[in-house]
Amino acid sequence: MEIQEIDTQKILAEIEKEVEKIFSEFSKLNVAVLGDSMLDSYLIGDTTRISPEAPVPVVQISKSYFKPGGAANTAVNIKKIGGCKVKLFSVVGEDKEGDILEDLIKKEGVEVYFIRDSSRPTTQKTRVIARGQHIVRIDTEKTHNIENALAEKIMSELKKEEFDVIVLSDYAKGFFSEKITDAIKEKRNSTKILCDPKPQNIKLFEGVYMILPNIKEAYEIKKILAGGREENLYETARKIRENLKIKKVVITQGEEGLSFFSENKAFHIIAFAKDVYDVTGAGDTTTAAFALCEGIGLEDEKSAAFASLCASCKVSHLGTYSPTKTEIVKTLKNLINFK
């Protein structure tokens, strides 16, 4: 089977005709997000000289701020785009960074179930940016697996409620284990489970409904599952889908767009962004958009185009960012009217 190129103008026009209905249906959903949450810290400043101590720029910080990252960013994206009920299940440290992250998420209207783990700090990624350029990133984290007792608390809380969609946001920071994923997959007969995986954990997610790796991760996943030489994208996706026993594979490709694969479909959607400012968190936005579309049963082609549309809104902003309905609709109309 060949990967088909989709007539994006036609699909976007169809989405535009029913866009209010789509967003209305989004708002009725109840979505759970589980995974590795992070606190994204930004230090913004200017640099005019090189340090006399080492050949590195001296950055004079003028402002700083925090944003939710990882699974927390995915949850916020679902909330901002869909306007629906969202509950985040995650593990953070017993520290002020965990407090800051929880406060940020709650202010966005996301319900939070955080387990505090004294054996690890809240994962924090600090980015130093000068003159619009990313100078350095500093990571504070411990990535050992969470203890079974903590996993059991999370699963006990998850079982209290029924969800239309469950999203697994894996950053390989220790949240996911066989104990947790086996318990989550007990819900797969009644709930669609989508996963943005890291290759080293891929076997934990066998049997989920959809996975959404980027292209580099997809090739790594295929090698882990099936070995052999590197193959074309279609064969890579087919072997991933068949080995994991999943329905759908979406492979994101940055400025090249994304490709969708199921048993009887294989198609490509272009990226709509004209100006790419920052790709940080674009995968979270794509996953969030697909989760909403799958939740309401939107057609695959429309789901993929909508996800690419949302990602195009995100990459025009610095850092992790969640596009709003207003921005998405405006971008949609601009793309349709663009000659």
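Note that the numbering runs from 1 along the sequence shown for the chain.
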Can [X] and [Y] be counted as an ion pair, charged N to O under 4.0 angstrom?
X: E157; Y: K160; result: yes
X: K179; Y: E152; result: yes
X: E16; Y: K333; result: yes
X: K265; Y: E301; result: yes
X: E18; Y: K302; result: yes
X: E206; Y: K245; result: yes
X: K325; Y: E20; result: yes

Quick one, Y171 with K198, criterion side chain to side chain donor-acceptor pair (under 3.5 Å). Give me CA distance, side-chain angles, the key distance, then yes/no.
CA-CA 6 Å; Y171 279 83; K198 283 289 179 278; 5.9 Å; no
Under a single-linkage definition using a 4.5 Å side-chain heavy-atom cutoff for Ile, Leu, Val, Met, Phe, Trp and Tyr, are [X] and [Y] assigned to the same hydrophobic cluster?
X: I78; Y: V110; result: yes
X: L194; Y: L258; result: yes
X: Y65; Y: I129; result: yes
X: I221; Y: Y219; result: yes
X: I100; Y: L43; result: no

Between [X] (side chain) and [Y] (backbone), is there a donor-acceptor pair under 3.5 Å?
X: T47; Y: P57; result: no
X: S51; Y: E53; result: yes
X: S27; Y: S24; result: yes
X: T331; Y: E327; result: yes
X: R127; Y: H134; result: no
X: Q133; Y: A130; result: no
X: K222; Y: G227; result: yes
X: R120; Y: H144; result: yes

Could you please spell out the steps behind the side chain to side chain donor-acceptor pair (under 3.5 Å) verdict for E161 and N30?
CA-CA 10 Å; E161 196 170 350; N30 187 12; 3.0 Å; yes
Report, as yes or no, whether the 6.0 Å neighbourhood of atom [atom1] on [X] holds more than 12 heavy atoms from other residues, nucleotides or ligands.
X: E178; atom1: CD; result: no
X: Q253; atom1: CD; result: yes
X: K203; atom1: NZ; result: no
X: K187; atom1: NZ; result: yes

Among F306, F267, Y234, which residue meets the ring pair (Phe, Tyr, Trp, His ring centres under 6.0 Å) test with F260?
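Result: among F306, F267, Y234, F267 is the only option passing the ring pair (Phe, Tyr, Trp, His ring centres under 6.0 Å) with F260.
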Residues at least two apart in sequence or cross-chain that pass salt bridge (charged side-chain N to carboxylate O under 4.0 Å, His left out) with K28, listed by chain then number, are E25
Those residues at least two apart in sequence (or on a different chain) that pass salt bridge (charged side-chain N to carboxylate O under 4.0 Å, His left out) with E186 are none
Can you give me the closest heavy-atom contact between [X] and [Y], atom names plus distance?
X: P68; Y: V76; result: CG-CG2, 4.1 Å
X: E217; Y: N214; result: N-OD1, 2.8 Å
X: D36; Y: A172; result: OD2-N, 3.4 Å

Start with the C-alpha gap between F205 and F176, add the side-chain angles, then the distance that decides, and say whether ring pair (Phe, Tyr, Trp, His ring centres under 6.0 Å) holds.
CA-CA 9 Å; F205 306 115; F176 289 105; 5.3 Å; yes
Start with the C-alpha distance between E141 and K173, add both sets of side-chain angles, then the distance that settles salt bridge (charged side-chain N to carboxylate O under 4.0 Å, His left out), and finish with yes or no.
CA-CA 8 Å; E141 62 186 20; K173 306 302 181 187; 2.8 Å; yes
Can you check salt bridge (charged side-chain N to carboxylate O under 4.0 Å, His left out) on K239 and E235, steps first, answer last?
CA-CA 6 Å; K239 290 185 177 180; E235 283 300 313; 5.0 Å; no
Pairing donors with acceptors under 3.5 angstrom, does anything connect the side chains of [X] and [Y]?
X: K248; Y: Y209; value: yes
X: D284; Y: N77; value: no
X: T191; Y: E162; value: no
X: T122; Y: D95; value: yes

Is there a salt bridge (charged side-chain N to carboxylate O under 4.0 Å, His left out) between R116 and D99? Walk through the geometry before answering.
CA-CA 10 Å; R116 299 287 182 147; D99 296 338; 2.9 Å; yes
Please test K106 against E111 for salt bridge (charged side-chain N to carboxylate O under 4.0 Å, His left out), starting from the C-alpha separation and ending with a verdict.
CA-CA 6 Å; K106 286 181 175 179; E111 188 177 348; over 6 Å; no
